[in-house]
Every structure is written in C-alpha cells, then in structure tokens.
Novice: 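This is the structure I have questions about; it appears just below.
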Amino acid sequence: MYQHYNYWLSGLVAYCFCEVVSEQVLDIMTSPKLVKRVENLHATLHEHNYRYYVLADPVISDQDYDKLFQDLQTLEHQNPSLISTDSPTQRVGSIAKDRLFRRVTHRIPMLSLQNVFDQQALLEFDHRLKQRLQSEGIDCRVLQYVCEPKLDGVAISLFYRQGRLEQALTRGDGHAGEDITSNARTIRLIPLKLRHQGYCPGELEVRGEVYISRQGFEHLNQQMLNRNERVFANPRNATAGSLRQLDSGITAQRPLLFCAYSVGIHSTWVNAPKLHSQWLEILVELGVPVSRDYEVKQGIEACMDYYKQQLLKRTTLDHDIDGVVYKIDDLHQQQLLGSVSHAPRWAVAHKFPAEETMSIVKGVDYQVGRTGVLTPVARLKPTQIGGVTVSNATLHNIDEMQRKDVCVGDTVTIRRAGDVIPELISVSLAKRPSYSQPVPIPTTCPVCGARVVRFDKLVALRCLGGLSCKAQLKQSIQHFSSRKALNIDGLGVQLIEQLVDQQWVRNVADLYQLDKNKLASLPRMGMKSAENLLTAIEHSKQTTLTRLIYGLGIREVGEVTAELLTRHFHTLQALMQADAAYLEQLDGVGSVVAQSITSFFAEPHNQKQLTDLQKLGLVWLEENPETSPKLLQGQIWVLTGRLRTLSREQAATRLRALGASVLTQISSRVTTLVVGEAPGSKQGHAEKLGIEQINEAEFLERLVST
DNA sequence: TTGCCTCGAGATCA
DNA sequence: CTCGAGGCAA
C-alpha cells in the first residue's frame, strides 16, 4: 500500500514539472546519445512498472525507481523536445478545457452480463448453451469456461493504436460512453504503451474495471478527513467520483487500480488467439494487468467449486468483489452463441448473496405516480447496507405488501436487489410489537382525496383524480418538460412543486403563460433564474412531433412508440383520427397500446390541451429531423414467409430505419409485400389488391440501393 | 435508489 | 457558502 503511495507522490511531482515545461519553447539541439539515454530510461521505467504492477514482482527498490524517474524528469526538463506522450512522466495532463467529457460511441457495444443467484439458474444457463451449440452441430458435453472474480468498480474501455494508449471511455449506456482519457492516463496500472511492440495488434481495445482497494479507500478517506473534506460512502463511489474529475491532477492523487477482463476490437493476425484465456495471457505479456485469480474450468460443476472457493476467499481480499463471472473460453463458440439485446449469451455473472440487514418499518406511504397508480413505499429506520444508507424500500403493490404481511413497527430484513434497488425481503413476526397495525388500504387518494379504484384482475390501485390530482399533475409536467420530451432546461422537481402549489400551473399549457416577475418572487429564484427559465420555455416551443407525442404522457406510449407513430402518421391530425383497429395493425402496437391512444385523444380535455398549446405558439416539425434521411418515407411494407439472410425482426428494423412503416396485415394502403420462403395467405391477399410483391433478393437489393 | 461531480445562481457576511 | 438541477454509474 505505502509503496503505491510513493508512486502517487511521484505522479504529483510530474504534474508540477509538466506545468512548467509546457510553457517553455526551447528547442535545443539534441545529440543522438541523449535521445538514446531517454529512450533507455523509458524502457527501464516501463519494465519496472510492469514488474511491479502486473507481475507483482519488483526487482528494484522504490528509492531506485524514484531516482530513475527523477533522472528522466531532469533530462526532459532540460530538453523539452524529448518529451513524448507515452513517457512515464507524462501521466498527468492539464485541466480539461472543454468542461464536459466528450461522448463517444463504442465501436463494439459494451454489454452488461446476465446475473444468476443460485445453482439452479446456473445449471439452466449451462443447459441452454449446450442446446444452442448442439443445434449448431458442435459436440459439447462439457463446456470449457474461464472463471474470474467480478470486481466491484467502474467498467472502462482502453483503446491502443500501435501500442499507444489513444482513448479511454466509460461504459456509459453500453452504446456510447464518455472520453476520460486524461484521467485514465493517471492510473499507473494502465500502461501508456504496450510491451512487445512487434507482437502486438495495431488496434487493440482492452476492457476492464477501475477500482479502489479497501486499504486505498481507508487511506483516501483519512486524507479527506484531514483536509476537512467529505468522505466517500464506499470504494465504488470513490472510484466513479475520481474518474469524473475535470482536473486529472486530482484523479492522479486517488489510489485507482485497474484490472482487464476482456478484449474488444482488435486487428487480426496469423496467430490470433482462439480462446479467451489466451487473450488474458497475451494481455499480461503486453503489460496489461489481469486478475491473478482467473482459472479455466471444465464444465459448470467445476465453476461452482470455483464460486465456493472465491466466496471463502472474499473476506481475505483487499478489494470488493460481488460475484464471479463465467465465460465460454472458445471464441468460436462465443461467436456462435451471440448476444441478446443487453448481454452476451456466452457469459454469466454468478453473484454472491446480497448483504442483508435488519431495519424497522416506521411507516408506509402511498406514492402517486404520473398515471395515478398508488405504490406503497416503506419508510425505514435509516440503515447502512452495502456502503449506502437505505431509508426507503418500495413494496411494489398491495398484493406484494399483504403477501409479505408488512405492518408498521415491524422489524424487517432488507437487501439491495442486484446491488441497487432496496428490497424488503421478510418481516420478523417474532419481533412484531403488540401495538403494530396492518397498513390501511386507501380508498381515497392521499394527495387529492379523489376516489381510488382497483380494476378487476389488476394489482394496481389507481387514483381517479386525473390532472386535478396535484401529484399526477406535477409528474405530468415533469414528464412533459423532461429531456426526451419538450426539454425545458431548468424546470426541476422543486420548481414544479412550487408552480403547482401556487396554482400558477394547472396543465402543461399554463407553462407558456408564466409571468417573469411572479416567478422571480419565488424562494431561491431571482430575476436571472426567471429569465433563464422563460428562455428555456420559449425554446421548447419549437419541437418535433415525436417529442410532443411522447411528452403528452399517453399511457403505454414511450419514446419508441412515439417515434413509431410519427413515422407512420407524420401529422398529429392523422394520429388523432386513427381508430384502435387501425393502430393495432402497426407492428409494435398491440390492443392495449391502441386502446390507450384512442381513449387519450377521445378525451375532450386532451383535445383542448393540444389546441391551447398550438394557440400559445407551440409548433412541431412533422418530419423527424433527428434521424437519417427517409428514402422509404410514407411507404407501408408487409413481410411474409421466412427470409434466409435476415430474421423478420432485423428486416423490419432495416425498413423502419429507412422510414417505412411495417405492418403485419395486408390492406389496400400497403405499398410493398416481401415474399420469403413458404409465404402465407398474405400473398394471395396482396395479389387480389394488386400490391407490389418482391422476393428476398430484390428486397436486399432495394435495401442497399436506397 | 443512492451517491458523486459540476454548474449556475441565490444568500450571507465582511 | 449553499442549494437545486442535471448527468452518470451501479
């Protein structure tokens, strides 16, 4: 630990130096001898770093290392032209100029992992894989897995070009993450330059976890305490917080560690590995740290042994792990298995049982959601669990609450499900106090007093107050102004609360008639804030049909459906006139959604709302400019039979991307029918109506040419 | 659901 | 200095 600490200090020294150096514009003639000397120092320091961090087998003392490090610094200081970006002294750059981290798309998405919590689910996982592989003609009575501990930190991706660290990204939503290169460079376990240049692929993306050791965490918090700053709640938050610093000088002072667990994009070469475990070995040779605890196992039973072994080992480790991960070792098998939307099929996280704690139910409140659904929420005596304080736990619905038999005053067991959402597991009847009362089921809304009903067969209670219920109104407005809807910047929950309570806003249209002076009179609002808000509101008047449809908060209509409706109808007028039967024909719209849409627009009150918005100057683009050009815009396509090259879902997605609507039934409005193998009755139907029919080859041709 | 960082702006005190 | 909003990660 303290050895690591010495190295961070060296990092600090480097920080001071490069600040000075960058201001000098010296251009001293450099002798070949000097160049050689600097190169040697680079190589030596990289080698010692590698031995220290990756192999955990240093061959020189810290003092000697620091001496070499300082030699290099002195040389670079005297000869700035010799400083290269992968020099061991260049870990800390300057403060990020552009105040936000740039968003960058991952070339291969960073998926998350399926989780299992017990042996049963794990056996099913293994069984599924065998079946899938067998159907691909692979003999696989025993699957070979790579087992490794699952570190509890923050996932990142490192991109190396010609062996040099070029870009570091956070995982983000898996699709795109943030560019944290300057912060990643300060982590000493992350090589700026890979070893064995000749052998390493030209492009290599390393994926792994940034984390903090328990000791490092204690030490950091002690430091924060000494400086009178706030301490971190747990190592993971400290890690995430450190990576988000705009000043990488601060990141450099944090005891961040790194451990790689896989490879993303990479150039291929003759001896490219065939196994995941071979990749891990290559990473070690390239100087990238990987877990020392990984093992290759034959069959899922062996994996379970590994799990038990790691579970025992857990407490002795210097860092948090929340489970172990099993991956199919054979890369070809991985490829055959492929992925589902959010996770690869060939890997699974076997999670350790979540930490459980006792707490006391101080009360149960009912929360009223945007659509009026009442959700019981247990208010708990604040309790530490897994490094955070939990004081609320949702009980989901009345059935759930009654099944668990929750009473006020009960002592209960809680845990964080999936390590995120607090969950009330059970009540301890033995500890139930005599005064405890069952939680009353409300018959009226706790917010507006309107009648509460429970529709047949539905578990949910619903407040009938509609928008005259303040809770529903507040949430509708929040939804309307949210980023993906009308995007009114600066209109947060607190402000909405006040606007509604003052009765200045009774519906979304009222937002467009707010008075600046009145606004400025609110607490924590001044002239400046009021002006900014009004500008943001004004700005939101120019919007798109998709945003408007989504923002209206029609039940069952989210982002995706809103986009779908825009693509198909193009105008609000057309959407409002569509009947349920027609809507249901749209691929992606079922009877429930169709019903929701028609009943929303049938409501006179909603119709008035829309005309009011228009009168107040709201305009929307009926084509969606936020997506690529639509060459099949306005066309309606139907698919029949089996396609050889694409799944039907893939084909539909491609068509929609080009602006076409995809329906499941033939009608006179359909423009084109794609006929695959073994077509159904749709073909005959289309024939009668004289609709254009094309086969798979023509279809593919059309996809490329448009 | 909680905790963290950053930003802008209001509040407070000298 | 403090707060609210917004964004991010698990």
Side-chain angles (χ1 to χ4, degrees), chain A residues 95-96 98-103 110 112-113 115 150-156 169-180 183 209-212 217 220-221 224 228-248 250-251 254 320-323 342 349 351 354-355 359 367 375 377-380 382-396 414-424 478 481-484 487-498 519-533 535-536:
Chain A
I95 296 170
D98 35 354
R99 47 192 197 70
L100 265 168
F101 298 109
R102 209 159 53 97
R103 210 170 171 75
M110 286 183 83
S112 40
L113 291 173
N115 290 325
K150 187 173 194 301
L151 293 171
D152 194 11
V154 176
I156 64 163
L169 302 176
T170 62
R171 195 184 89 89
D173 59 4
H175 197 73
E178 287 176 308
D179 185 330
I180 50 152
N183 286 337
E209 200 86 355
V210 178
Y211 65 103
I212 291 184
F217 174 70
L220 174 61
N221 266 355
M224 300 296 272
N228 249 342
E229 289 177 61
R230 287 195 47 180
V231 297
F232 291 100
N234 56 55
R236 198 176 60 202
N237 280 343
T239 306
S242 301
L243 283 180
R244 301 196 56 73
Q245 294 288 339
L246 288 183
D247 179 355
S248 63
I250 298 178
T251 312
R254 303 283 168 81
D320 291 333
I321 56 175
D322 51 4
H342 270 301
K351 299 282 225 132
E355 190 191 335
S359 183
Q367 249 169 23
T375 309
V377 177
R379 305 294 174 196
L380 304 167
T383 309
Q384 285 292 119
I385 175 165
V388 298
T389 311
V390 167
S391 35
N392 303 306
T394 173
L395 296 169
H396 304 293
I414 53 173
R415 73 167 165 222
R416 297 222 293 153
D419 286 331
V420 180
I421 296 157
E423 181 185 19
L424 194 157
Q478 208 190 321
S481 59
S482 67
R483 243 161 71 85
K484 285 170 180 174
N487 191 19
I488 303 177
D489 212 28
L491 186 57
V493 259
Q494 292 288 321
L495 198 47
I496 293 172
E497 189 90 358
Q498 297 185 60
L519 274 176
S521 73
L522 290 170
R524 292 211 57 81
M525 283 287 281
M527 254 332 188
K528 184 71 184 161
S529 303
E531 246 166 57
N532 287 349
L533 179 63
T535 318

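Values below: all heavy atoms of this structure, side chains included; hydrogens, waters and symmetry mates excluded. Chain A is the first sequence line, chain B the second, and so forth, proteins listed ahead of strands; every chain is numbered from 1. Treat the numbers as computed from the prediction; the structure is a model and nothing was measured.
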Novice: Between CD of Gln245(A) and CZ of Arg254(A), what distance do you get to the nearest 0.5 Å?
Specialist: 5.0 Å
Novice: Return the CD1 to OG distance between Ile385(A) and Ser359(A), rounded to the nearest 0.5 Å.
Specialist: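 One finds 9.5 Å between CD1 of Ile385(A) and OG of Ser359(A).
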Novice: Taking only the side-chain heavy atoms of Leu246(A) (C-beta and beyond), determine which of dC7(B), dG7(C), dG3(B) contains the nearest atom.
Specialist: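 Of the candidates, dC7(B) comes closest.
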Novice: Does Ser529(A) have a side-chain nitrogen or oxygen under 4.0 Å from the phosphate oxygens OP1 or OP2 of dG10(B)?
Specialist: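 Affirmative; the distance criterion is met.
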Novice: Quick one: Asp322(A) CG to dA9(C) P, roughly how many Å, whole number?
Specialist: 17 Å
Novice: Any base atoms under 4.0 Å from Ser391(A), or only sugar-phosphate, or nothing? Heavy atoms, all strands.
Specialist: sugar-phosphate
Novice: Nearest of dA9(B), dC8(C), dA10(C) to any side-chain atom of Asn532(A)?
Specialist: dA9(B)
Novice: In whole Å, I'd like the distance from the CG atom of Leu151(A) to the C1' atom of dA10(C).
Specialist: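 For the pair Leu151(A) CG and dA10(C) C1', the rounded distance is 14 Å.
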Novice: Given atom CE of Met525(A) and atom P of dC3(C), what is their separation to the nearest angstrom?
Specialist: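 Interatomic distance, CE of Met525(A) to P of dC3(C): 18 Å.
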Novice: Which part of the nucleic acid, if any, lies within reach of Ala155(A) when heavy atoms closer than 4.0 Å are counted: base, sugar-phosphate only, or nothing?
Specialist: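 Sugar-phosphate, no base atom in range.
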Novice: Please classify the nucleic acid contact of Leu243(A) as base, sugar-phosphate, or nothing, using heavy-atom distances under 4.0 Å.
Specialist: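 Nothing, no nucleic acid heavy atom in range.
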Novice: From OH of Tyr211(A) over to P of dA10(C), roughly how many Å is that when rounded to an integer?
Specialist: 16 Å
Novice: Taking the nucleotide of DNA chain B with the closest heavy atom to each, which residue, Ala240(A) or Gln367(A), is nearer the 5' end?
Specialist: Gln367(A)
Novice: Taking atom C1' of dG3(B) as reference, at what distance in whole Å does atom CD of Gln384(A) sit?
Specialist: 12 Å
Novice: Does dG7(C) have OP1 or OP2 sitting under 4.0 Å from an N or O in the side chain of Arg244(A)?
Specialist: no
Novice: Would you indicate whether Arg483(A), at its atom CZ, is surrounded by more than 12 heavy atoms from other residues, nucleotides or ligands within a distance under 6.0 Å?
Specialist: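 No, CZ of Arg483(A) has 12 or fewer neighbouring heavy atoms, counting only those of other groups under 6.0 Å.
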Novice: Using 0.5 Å steps for rounding, measure from the CD atom of Gln367(A) to the OG1 atom of Thr375(A).
Specialist: 6.5 Å
Novice: Could you report the tightest heavy-atom contact between Asn234(A) and Gly386(A), atom names first, then the distance?
Specialist: ND2-O, 4.2 Å
Novice: Please identify which of these residues, Leu169(A), Ile180(A), Asn183(A), meets the side chain to side chain contact (heavy atoms under 4.5 Å, CB included) condition with Ile156(A).
Specialist: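 When side chain to side chain contact (heavy atoms under 4.5 Å, CB included) is applied between Ile156(A) and each of Leu169(A), Ile180(A), Asn183(A), only Ile180(A) qualifies.
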Novice: Report the distance from atom CG of Leu495(A) to atom OG of Ser529(A), rounding to the nearest 0.5 Å.
Specialist: 9.0 Å
Novice: Describe the nucleic acid contact of Ala233(A) in one word from base, sugar-phosphate, nothing, applying a heavy-atom distance below 4.0 Å.
Specialist: sugar-phosphate
Novice: Which nucleotide in the set dA10(C), dT2(B), dA5(C) lies at the smallest distance from any side-chain heavy atom of Asn392(A)?
Specialist: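 Of all the options, the side chain of Asn392(A) is nearest to dT2(B).
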Novice: When you measure from the side chain of Val388(A), which nucleotide among dG6(C), dG3(B), dT1(B) comes out closest?
Specialist: dG3(B)
Novice: Counting only side-chain heavy atoms from C-beta out, which of dA5(C), dG6(C), dA10(C) sits nearest to Asp489(A)?
Specialist: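 Looking only at side-chain atoms, Asp489(A) lies closest to dG6(C).
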Novice: Measuring to OP1 and OP2 of dT1(B), would you say a side-chain N or O of Thr394(A) lies under 4.0 angstrom away?
Specialist: no
Novice: Could you please name the option among dC4(B), dT2(B), dA5(C) that lies closest to any side-chain atom of Leu495(A)?
Specialist: dA5(C)
Novice: CG of Leu522(A) versus C1' of dG4(C): gap in Å, rounded?
Specialist: 14 Å
Novice: Once you round it to whole Å, what is the distance between P of dT1(B) and CZ of Arg236(A)?
Specialist: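 Those two atoms, CZ and P, are 16 Å apart.
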Novice: Can you tell me if the side-chain N/O atoms of Arg416(A) get under 4.0 Å from OP1 or OP2 in dT1(B)?
Specialist: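 No, Arg416(A) has no side-chain N/O under 4.0 Å of OP1/OP2 on dT1(B).
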Novice: In whole Å, I'd like the distance from the CD atom of Glu178(A) to the P atom of dC5(B).
Specialist: 14 Å
Novice: Gln245(A) side chain N/O closer than 4.0 Å to the phosphate oxygens (OP1, OP2) of dT6(B)?
Specialist: yes
Novice: OP1 or OP2 of dG7(C) versus the side-chain N and O atoms of Arg103(A): is any pair under 4.0 Å?
Specialist: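 No, outside the criterion.
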Novice: Give the nucleotide from the list dC8(C), dC4(B), dA10(C) with an atom nearest to the side chain of Phe232(A).
Specialist: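 Side chain of Phe232(A) sits closest to dC4(B).
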Novice: Which listed nucleotide (dC4(B), dA9(B), dA10(C)) is nearest to the side chain of Lys528(A)?
Specialist: dA9(B)
Novice: Is the phosphate of dA9(C), meaning OP1 or OP2, less than 4.0 Å from a side-chain N or O of Thr170(A)?
Specialist: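 For dA9(C), OP1 or OP2 has a side-chain N or O of Thr170(A) closer than 4.0 Å.
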Novice: Could you tell me whether Gly172(A) contacts a base, only the sugar-phosphate backbone, or nothing, with contacts defined as non-hydrogen atoms closer than 4.0 Å?
Specialist: sugar-phosphate
